[in-house]
Amino acid sequence: MSTEDVETLKNYTYSASSIYLYSKCPLAFYFHAIKELYAQDDVKEDLDSGMLGTICHDTLQAIYCCEEAMKADYFFDKTEVGNPISKLTVGLVTEDFLKGWLSREDDIRLKINALICHTLQSPNLEGRNLVFADIALKYVCGVLKADLDLLRKHGRIEILGLEQKYYAQIAGRRFKGYIDRIDRFEDGMVRVVDYKTGNDRQDTLNPELGPEESIKRI
């Protein structure tokens with residue numbers, strides 16, 4: 001590794017995907033992060049697990065953003081700097097809001113179908129992707145039902161932010177990421193919500209353990 005490569009690495013800002021890439025193949029990380037050489041994306045006909053997770057994430061993001069975002073032809077700009085949810089209108093999540101969406105499964109399915117077609121750049125949804133659409137619908141409705149239970153327990157859920165970008169510095173290295181959702185209950189407790197993991201273990205990122213031990217516990 002050249003001196004220039006070392007300097008690039010020192011100033012590199014790590015994301016969750018880049019850390020995963022390094023753990024999977026350090027050489028691939030080197031070419032991607034340091035040399036900025038990117039493998040050409042293969043054209044896929046079916047969703048993979050990562051795509052399915054993104055479909056669920058984007059659907060929930062749209063539901064908790066605004067009615068406009070749930071339109072089939074509305075897609076979030078992934079390259080926009082900062083919080084792309086400039087049209088956030090939900091604010092307070094009410095029982096009527098959650099019940100309303102749970103009664104609109106057909107509208108949620110239309111959004112999911114549109115996102116799948118957009119992801120695969122396909123005009124139609126067919127084959128295994130119809131099964132994936134059903135799985136995504138069940139997942140999204142499951143999150144809505146879980147939020148309904150939480151609302152009844154805590155009295156109120158207030159959306160503070162969606163897809164919030166954040167930066168952190170640990171052991172001299174810079175990290176970046178996005179928080180799917182930040183909300184607050186009526187008693188003042190603030191939550192950081194990650195749709196894909198749903199992990200609420202308080203020891204996961206315990207600063208007293210140190211970064212190495214915390215990572216082992218995830």
For the residue pair [X] and [Y], establish whether any side-chain heavy-atom pair is separated by less than 4.5 Å.
{"X": "Gln61", "Y": "Asp58", "answer": "yes"}
{"X": "Phe75", "Y": "Leu115", "answer": "yes"}
{"X": "Ile182", "Y": "Val193", "answer": "no"}

Please answer whether the main-chain N or O of [Y] pairs with a side-chain N or O of [X] as donor and acceptor at a distance below 3.5 Å.
{"X": "Asn129", "Y": "Phe132", "answer": "no"}
{"X": "Arg174", "Y": "Asn11", "answer": "yes"}
{"X": "Lys111", "Y": "Tyr74", "answer": "yes"}
{"X": "Thr54", "Y": "Gly50", "answer": "yes"}

Test Val190 against Leu160 for side-chain contact (heavy atoms from CB on, under 4.5 Å), laying out the working first. CA-CA 9 Å; Val190 175; Leu160 302 179; 4.2 Å; yes
Which atom of [X] lies closest to which atom of [Y], heavy atoms considered:
{"X": "Val140", "Y": "Cys56", "result": "CG2-O, 4.1 Å"}
{"X": "Leu144", "Y": "Trp101", "result": "CD1-CB, 4.0 Å"}
{"X": "Ile55", "Y": "Ala136", "result": "CG2-CB, 4.4 Å"}
{"X": "Ala69", "Y": "Phe76", "result": "CB-CZ, 3.9 Å"}
{"X": "Thr59", "Y": "Met70", "result": "O-SD, 4.0 Å"}

Just say parallel, tilted or perpendicular for the rings of Phe29 and Tyr14, cut-offs at 30° and 60°. parallel
In Å and rounded to the nearest 0.5 Å, what is the [atom1] to [atom2] distance from [X] to [Y]?
{"X": "Leu47", "Y": "Ile116", "atom1": "CG", "atom2": "CD1", "answer": "5.0 Å"}
{"X": "Thr94", "Y": "Lys99", "atom1": "OG1", "atom2": "NZ", "answer": "10.0 Å"}
{"X": "Leu52", "Y": "Ile135", "atom1": "CG", "atom2": "CD1", "answer": "6.0 Å"}
{"X": "Leu162", "Y": "Asp180", "atom1": "CG", "atom2": "CG", "answer": "9.0 Å"}
{"X": "Asn113", "Y": "Leu130", "atom1": "CG", "atom2": "CG", "answer": "7.5 Å"}
{"X": "Ser103", "Y": "Asp96", "atom1": "OG", "atom2": "CG", "answer": "10.0 Å"}

Could you check whether Lys71 pairs with Glu68 (Lys NZ or Arg NE/NH1/NH2 to Asp/Glu carboxylate O, under 4.0 Å)? no
Taking [atom1] in [X] as the centre, count heavy atoms belonging to other residues, nucleotides or ligands within less than 6.0 Å. Is the count above 12?
{"X": "Asp106", "atom1": "CG", "answer": "no"}
{"X": "Gln121", "atom1": "CD", "answer": "no"}
{"X": "Tyr20", "atom1": "OH", "answer": "no"}
{"X": "Glu4", "atom1": "CD", "answer": "no"}

Take Tyr167 and Lys165, measure what side chain to side chain donor-acceptor pair (under 3.5 Å) needs, and give me the verdict at the end. CA-CA 7 Å; Tyr167 292 91; Lys165 194 171 186 177; 3.3 Å; yes
Can you list every pair that meets side-chain hydrogen bond (donor to acceptor under 3.5 Å, both in side chains) and has a residue in residues 145-162, with sequence neighbours left out? Tyr64-Asp147, Glu95-Arg152, Asp147-Arg181, Glu158-Arg184
Do you reckon Leu110 sits in the same ILVMFWY cluster as Ile63, going by side-chain contacts under 4.5 Å, direct or chained? no
Give a yes or no on whether Ile170 and Tyr12 share a hydrophobic cluster (residues Ile, Leu, Val, Met, Phe, Trp, Tyr; joining criterion: side-chain heavy atoms under 4.5 Å apart). yes
Carefully, step by step, assess Asp5 and Ser2 under the rule side chain to side chain donor-acceptor pair (under 3.5 Å). CA-CA 5 Å; Asp5 290 343; Ser2 67; 3.2 Å; yes
Partner of Ile108 under side chain to side chain contact (heavy atoms under 4.5 Å, CB included), picked from Leu102, Leu60, Leu137, is Leu137
Mind running side-chain contact (heavy atoms from CB on, under 4.5 Å) on Ile159 and Val93 for me, showing each step along the way? CA-CA 7 Å; Ile159 301 294; Val93 177; 3.7 Å; yes
Is there a side-chain contact (heavy atoms from CB on, under 4.5 Å) between His32 and Ser18 once you walk through the steps? CA-CA 9 Å; His32 178 87; Ser18 65; 5.7 Å; no
Who pairs with Arg104 by salt bridge (charged side-chain N to carboxylate O under 4.0 Å, His left out), at least two apart in sequence or on another chain? Glu67, Asp107
Sorted by chain and residue number, the salt bridge (charged side-chain N to carboxylate O under 4.0 Å, His left out) partners of Glu126 (sequence neighbours excluded) come out as none
